[in-house]
Structures are given as C-alpha cells and as structure tokens.
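Here, residue 1 is the first one in the sequence, and each next residue gets the next number. The shown structure was predicted, so the numbers you read here are calculated from the model rather than taken from an experiment.
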Amino acid sequence: MQSRRARAASACLVAVLAIALGGCLSGGRALGTPGSQSIPVGQSTQSVEAGGVSRTFHLYRPQGLTDAVPLVVMLHGGFGSGEQAERAYHWDAEADAGHFLVAYPDGLNRAWNAGTCCGEPQRVDADDVGFITAMVGAIEEQIPIDRARVYVTGMSNGAMMALRLGCQSDLFAAIAPVAGTLLTDCSRARPASVLQIHGTADDRVPYDGGPGKAFAFNGTARVDGPSAQAVNATWRAIDGCGPPTSSTTGDVTTQIAACADGRTVELISVAGAGHQWPGGEPSPLAEKLAGIPAPSTALNATDTIWRFFAQHLR
C-alpha cells in the first residue's frame, strides 16, 4: 500500500490535469476477517486484480471505526479519477461525521463502461461490474463490512455506472446517481432504494432525455438516454412503489415514492442547475474549457445522499 502523498509527488502533472478536468462528465451482515484492521486510518491507495488487469482504488477510513461498518462507493465522472472525486465531493468529511468507510475506485482511462457509454471502457467492454465487486471483496478481507449497508453513488458517467451496478449486481442496499441516466439493461434488477439528483438545465445529460451536448474541447460523443423521470419510473416499477408525491422548496423539488419492504425511490430536481454535483467544488478551468457552470448551492448533494443511505438497509 502506498501513501497518497508519495503517489502525488511522482505524478504531479497528472494530478493537476485531474483537478482541472475531473467530474466534467463526471448476504451476511459482517464479512471480513474478525479483528482484521489492516486498512489504515485516513487516506490510502490499493489495487486489486480484476479481469486480468490491476485496478486501483482509494480509501478513506475515519478514526474510531469498529465492528461491521457501512461502505459507500463513490464513482468519479468521465475525465475524473478517484482522487479527484475525493477532493471535489467532500465524502471524507461526511464519513468522519457518519462513521463509515468510503471507496473511490479509478475508472479505466478515467471512464466507466456504463452500457452504451463511455470512452475506452465501453469500446473494449470492460467488466467494471466485476471490478467493483472485486474491490468490495478486497476491502472485506481487511475490515468487516456490514453488507446490509453497502451503497454506491456517482457523478455523470459514474452515475450511469452506479445505475448499471444497481441493475446488474446485488451488492447495494441503495444507489444515488447524480447527473446520470440509465444506459444498460435493467430487466433483471433486484430491488434497491434509489435517489436521483439532476439539474433541470443539464445540457450534457439532459434532464428530459435525448442526446446531450458534446464537450467542445475534445468532441466527446453525446450521451443519449432516457429522461430523469423515466429512469425514476423504471425503478419505481422494479421496487413495487406507490404513486410519488412531490414538494418544492426554493429551487429544489423532491419527488418521493414509498415502495415494498420499506424502500423508497426519490428524484431531486434542482431548477436551473447544469451538469454538476450540487454543493461540490467548482473547477474553473474545466468550466472555461467545457462551458460547465459552477455547482449549485441550493443543495448539498453529499449530505443529502448520506442521509438517504443511512435510512435504508438491504
């Protein structure tokens, strides 16, 4: 295991680029070896073999974690990285307050195979479902994880990957995509609670669905998927939900459906917000190059997602 500081020192140029561009597209309760606590407190980096390739992921372990702990998997957006997501979305501080472990995996060439998107992972049909599954297994070997409280969230391409994981794995009690859409088969999904967050003015992954705007600085192909409301309806059908109710406070509209076995499916729409993680860190260079506005302050997406996760067990 390497220290984060050593890795950053040997790859400073890559780190600068990641800061500039990251996030633009952006059964058993306690598994693991009893008493095993080899994951250090604070930040660390590990790797795992998945699909014949060594894949990296970053971890944050707060002080004082004992027994079986919850795990949140945070998936970066296209052009991003695990380290960029850790900096930008404030999950380490949330973990300190909520007493859970956070994993920030790195996509292949800064992207995820979310189905019909994105980049090299989609072109080579990378098994990112297998990678995330292997990563959770590797973490469980070092610290007991409460498998009733394993969650996944993601930004943009990472949100699309979170939805794919919800559709094609049984790891997660709840999923929370931000600025994403569903680009894969979900016909055999097992029920899970879902919270979507999406800006109504998103032009990269349009709130109303259809093709999104390409990134001007590199011509990246458009995302073309169903609307946020259609994705929400898909999960309401999977979870056996009743009709949703809706309320609005300021720029934030929250739609909630109560579902079977205590699950919920929710959609939070942020009026006027673009392709962003509300409450996250702005990236001025990325905004200049790609025309992406600063994140809305009408909602703290990280805090909202953790409160949602904390209410839902598998």
Side-chain angles (χ1 to χ4, degrees), residues 23-26 75 77-78 112-118 122 152-168 174-189 191-215 220-249 251-259 263-278 290-293 295-296 298-299 301 304-305 308:
C24 295
L25 260 171
S26 337
L75 303 174
W112 302 103
N113 179 13
T116 59
C117 179
C118 295
Q122 188 268 330
V152 62
T153 184
M155 168 63 191
S156 187
N157 180 207
M160 303 169 204
M161 188 65 218
L163 284 162
R164 183 170 194 172
L165 286 162
C167 292
Q168 299 178 359
I175 61 177
V178 177
T181 189
L182 181 60
L183 299 174
T184 192
D185 176 56
C186 209
S187 60
R188 293 180 289 179
S193 292
V194 177
L195 168 62
Q196 295 169 257
I197 298 176
H198 213 123
T200 63
D202 191 334
D203 61 354
R204 265 55 183 192
V205 183
Y207 183 88
D208 292 326
K213 183 178 179 180
F215 283 88
T220 298
R222 295 176 176 136
V223 173
D224 189 353
S227 69
Q229 290 285 359
V231 174
N232 207 251
T234 294
W235 278 98
R236 292 200 304 269
I238 291 167
D239 284 352
C241 306
T245 60
S246 183
S247 63
T248 299
T249 302
D251 291 332
V252 178
T253 297
T254 303
Q255 178 179 292
I256 303 176
C259 314
R263 298 183 182 90
T264 60
V265 172
E266 303 186 16
L267 171 61
I268 296 178
S269 307
V270 185
H275 192 67
Q276 59 186 240
W277 184 282
I292 293 175
S296 170
L299 179 77
T304 300
I305 290 168
F308 178 82

From [X] atom [atom1] to [Y] atom [atom2], the distance as rounded to the nearest 0.5 Å:
X	Y	atom1	atom2	answer
Cys186	Gln168	SG	CD	7.5 Å
Thr153	Ile175	OG1	CD1	9.5 Å
Ser247	Gln255	OG	CD	10.0 Å
Asn157	Cys118	CG	SG	3.5 Å
Leu182	Trp235	CG	CH2	8.0 Å
Thr234	Asp239	OG1	CG	11.0 Å

Does some side-chain heavy atom of [Y] sit less than 4.5 Å from a side-chain heavy atom of [X]?
X	Y	value
Ile305	Val178	yes
Leu165	Leu75	yes
His198	Val205	yes

Grab the two heavy atoms, one from [X] and one from [Y], that are nearest each other, plus how far apart they are.
X	Y	result
Gln122	Gly115	CG-O, 3.4 Å
Thr181	Gly225	OG1-C, 3.8 Å
Ala301	Ile197	CB-CD1, 3.9 Å
Gly154	Ala162	N-CB, 4.4 Å
Thr254	Glu266	CG2-OE1, 4.3 Å
Cys117	Leu183	CB-CD1, 3.6 Å

Quick one: does [X]'s side chain have a donor or acceptor within less than 3.5 Å of a partner on [Y]'s backbone?
X	Y	answer
Thr184	Ala114	no
Ser227	Ala230	yes
Arg164	Asn113	yes

_Name the residue from Leu299, Asp251, Ile268 that meets the side chain to side chain contact (heavy atoms under 4.5 Å, CB included) definition with Pro278._
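For Pro278, the side chain to side chain contact (heavy atoms under 4.5 Å, CB included) test succeeds with only one of Leu299, Asp251, Ile268, which is Leu299.
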*asked:* Checking Met160 against Val223 for the side chain to side chain contact (heavy atoms under 4.5 Å, CB included) test, could you report, in this order, the C-alpha distance in whole Å, the side-chain angles of both residues, the deciding distance, and whether it holds?
replied: CA-CA 10 Å; Met160 303 169 204; Val223 173; 3.7 Å; yes
_Let's go through Thr304 and Leu195 carefully: what are the C-alpha distance in whole Å and the side-chain angles of both, what is the deciding distance for side chain to side chain contact (heavy atoms under 4.5 Å, CB included) to 0.1 Å, and is it a yes or a no?_
CA-CA 9 Å; Thr304 300; Leu195 168 62; 4.2 Å; yes
